[in-house]
Amino acid sequence: MVRRVVRWGSALGFGAVWWWAVLRLAFADGAGVLEGAVAVGGWGLSLLPVHCVPKGRAEGAVEAGRWSAAWQGGDATRASPHPRSGAGSDPS
């Protein structure tokens, strides 16, 4: 419980500091390097993939080596032996 409170408190605190920097850059005449660094740093952190899971636990992940087998002509991908429509290639 304490961890959750600390995590939320720090997230709210850092969010408040980021918004202060962005609003100061937008509206204040004396905004400088500090505000710019905080704003850019917070934006850069938002690009981190924090919701990723290891490939072994990811749903729908393909096995290792699948793409290299496809490039080398392995049997990773095969064409269907039957026409999709079932009608063949006779146009009549």
Show which residues join [X] in its hydrophobic cluster (side-chain heavy-atom contacts under 4.5 Å, direct or indirect), or state none.
X	value
Val33	none
Phe14	none
Trp18	Trp19, Val22, Leu23, Phe27

Sort and list the pairs that fulfil salt bridge (Lys or Arg N to Asp or Glu O under 4.0 Å) and have at least one residue in residues 36-45, not counting sequence neighbours. none
Residue pairs, two or more places apart or on separate chains, that pass salt bridge (Lys or Arg N to Asp or Glu O under 4.0 Å) and touch residues 7-19: none
How would you list all residue pairs meeting side-chain hydrogen bond (donor to acceptor under 3.5 Å, both in side chains) that involve residues 24-39, not counting sequence neighbours? Arg24-Glu35
Considering non-hydrogen atoms only, spot the tightest contact between Ala21 and Val38 and give its length. CB-CG1, 3.7 Å
Counting neighbours of CH2 on Trp20 that are heavy atoms of other residues, nucleotides or ligands and sit closer than 6.0 Å, is the number greater than 12? yes
